[in-house]
Asks: 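Would you mind keeping the following structure in view while I ask a few things?
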Amino acid sequence: MKLDPSFYTRSNVVVIARELLGKVLSTKINGLTTSGMIVETEAYSEKEKGCHAYKGMTQRNAVMYDDGGVAYLYLCYGIHQMVNVVTNTKGIADAVLIRALEPMTGMEVMMERMNVSHVKRITSGPGKLTRALGIDKSFNGKSLAGKELWIEDCGMKVKPAEIIKSPRIGIDYAGDDALLPWRFTLKGNEWISKM
DNA sequence: TACGTGATCACG
DNA sequence: GTGATCACGTAA
């Protein structure tokens, strides 16, 4: 079942980042369906220095100010597409970065997109999972309850004891805010990034 | 540990 | 216009 818009428009982005663990991100592109369970997320709030919207709206981050429930795409290092889940209500720029998936559907399609002949670690990082699922900047601002891109609850129950929180990756420039424990991973999962 | 890669942003 | 920077991935 696709997540209801009310899941995304809540005000606490950290709670939403935690609750996205165990949910399933899917795409259907040219008739090809690929999906994976979310096993790693990071929360970003406009009030802290790690966030792209910390200094206000720009052309790039404008969709972060939309109502929760749309995708925010961002190209990093000229190569890697990153996908974020926009949260909170219109005018407030909070988002959750999806950092890793455990593959579920469309293994062959994902392997071909990654140009590998094995399933191992094809979605274990924010840049890799977008490539495996075929997500690029054309999805910027698109609904997460759409026909080409969506997140659903497949009934996977995640217990609090299975969730690890840690500082976010790669945001040293954020100073003290880099220490916030806003990264969430599933304990013991083989698909989280940087293993 | 090093560096490719190109959009983006904050300057003028 | 221009230069520094960057929510990574891979090779070594």
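Numbered from 1 within each chain, the chains take letters A, B, ... in sequence-line order. In what follows, every heavy atom counts, from backbone to side chain, and hydrogens, waters and symmetry copies are set aside. Predicted, not measured: the structure shown is a model, and the values here were computed from it.
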Asks: Indicate whether OP1 or OP2 belonging to dC9(B) is found under 4.0 Å from a side-chain N or O atom of Arg60(A).
Replies: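 Affirmative; the distance criterion is met.
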Asks: Which of these nucleotides, dA7(B), dG4(B), dA7(C), is closest to any side-chain atom of Ile79(A)?
Replies: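 Comparing dA7(B), dG4(B), dA7(C) against the side chain of Ile79(A), the answer is dG4(B).
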Asks: So which one's nearest nucleotide on DNA chain B is more toward 5', Thr58(A) or Cys76(A)?
Replies: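 This one resolves to Cys76(A).
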Asks: Is the phosphate of dG9(C) approached by Lys194(A) (side-chain N or O, under 4.0 Å from OP1 or OP2)?
Replies: no
Asks: For Asp172(A) and dC6(C), give me the distance from atom CG to atom P, rounded to whole Å.
Replies: 9 Å
Asks: Where do Ser193(A) and Glu40(A) land on the side chain to side chain donor-acceptor pair (under 3.5 Å) test, with the steps shown first?
Replies: CA-CA 8 Å; Ser193(A) 67; Glu40(A) 177 175 348; 2.9 Å; yes
Asks: Any strand counts, and the cut-off is 3.5 Å on both contacts for Watson-Crick or G-U wobble. Which nucleotide pairs with dG12(B)?
Replies: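 No nucleotide pairs with dG12(B).
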Asks: What integer distance in Å separates Ile135(A):CD1 from dC8(C):P?
Replies: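 Nearest whole value for this atom pair: 17 Å.
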Asks: Is the phosphate of dA7(B), meaning OP1 or OP2, less than 4.0 Å from a side-chain N or O of Tyr77(A)?
Replies: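 Checking dA7(B) against Tyr77(A), no side-chain N or O comes under 4.0 Å of OP1 or OP2.
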Asks: Under a 3.5 Å limit for both distances, which nucleotide forms a Watson-Crick or G-U wobble pair with dC6(C), could you say?
Replies: dG6(B)
Asks: For side chain to side chain contact (heavy atoms under 4.5 Å, CB included), just list the numbers for Glu42(A) and Ile169(A), CA-CA rounded to whole Å, side-chain angles, deciding distance to a tenth of an Å, and then say yes or no.
Replies: CA-CA 9 Å; Glu42(A) 285 177 2; Ile169(A) 305 290; 3.6 Å; yes
Asks: Among the nucleotides dA7(C), dA10(B), dG9(C), which one has an atom lying closest to any side-chain atom of His52(A)?
Replies: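 So the side chain of His52(A) is nearest to dA7(C).
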Asks: At under 4.0 Å between heavy atoms, what does Arg168(A) touch on the DNA or RNA strands: base, sugar-phosphate, or nothing?
Replies: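 The answer is nothing, as Arg168(A) stays clear of every strand by at least 4.0 Å.
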Asks: Roughly, in whole Å, what's the span from OH in Tyr74(A) to P in dC9(B)?
Replies: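 Between P of dC9(B) and OH of Tyr74(A): 10 Å.
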Asks: Tell me the interatomic distance from Gln81(A), atom CD, to dG6(B), atom P, rounded to whole angstroms.
Replies: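 Whole-Å distance recorded here is 12 Å.
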Asks: Going by modelled atom types, is there a donor-acceptor pair between the base of dA7(C) and the side chain of His80(A) at under 3.5 Å?
Replies: no
Asks: Please report, rounded to the nearest Å, how far the P atom of dC8(C) is from the CD1 atom of Ile122(A).
Replies: 20 Å
Asks: In whole angstrom, what separates Leu97(A)'s CG from dC8(C)'s P?
Replies: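 Going from Leu97(A) (CG) to dC8(C) (P), I get 8 Å.
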Asks: Under 4.0 Å, counting only non-hydrogen atoms across every strand here, what does Tyr173(A) touch: a base, just sugar-phosphate, or nothing?
Replies: base
Asks: Between atom CE in Met82(A) and atom C1' in dA7(B), what is the gap in whole Å?
Replies: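 Those two atoms, CE and C1', are 13 Å apart.
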Asks: Between His52(A) and Tyr44(A), is the gap from one ring center to the other below 6.0 Å?
Replies: no
Asks: Please determine whether a side-chain nitrogen of the Lys or Arg among Glu190(A) and Lys120(A) lies less than 4.0 Å from a carboxylate oxygen of the Asp or Glu.
Replies: yes
Asks: Nearest 0.5 angstrom please: Arg18(A) CZ to Thr185(A) OG1, how far?
Replies: 13.0 Å
Asks: Would you classify Lys137(A) as touching base, sugar-phosphate or nothing, given that sugar-phosphate means primed atoms plus P, OP1 and OP2, and contacts are heavy atoms under 4.0 Å?
Replies: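 If one applies the 4.0 Å heavy-atom cut-off, Lys137(A) turns out to touch the sugar-phosphate alone, with no base involved.
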Asks: Figure out the CE/P separation between Met64(A) and dC9(B), and round it to whole Å.
Replies: 12 Å
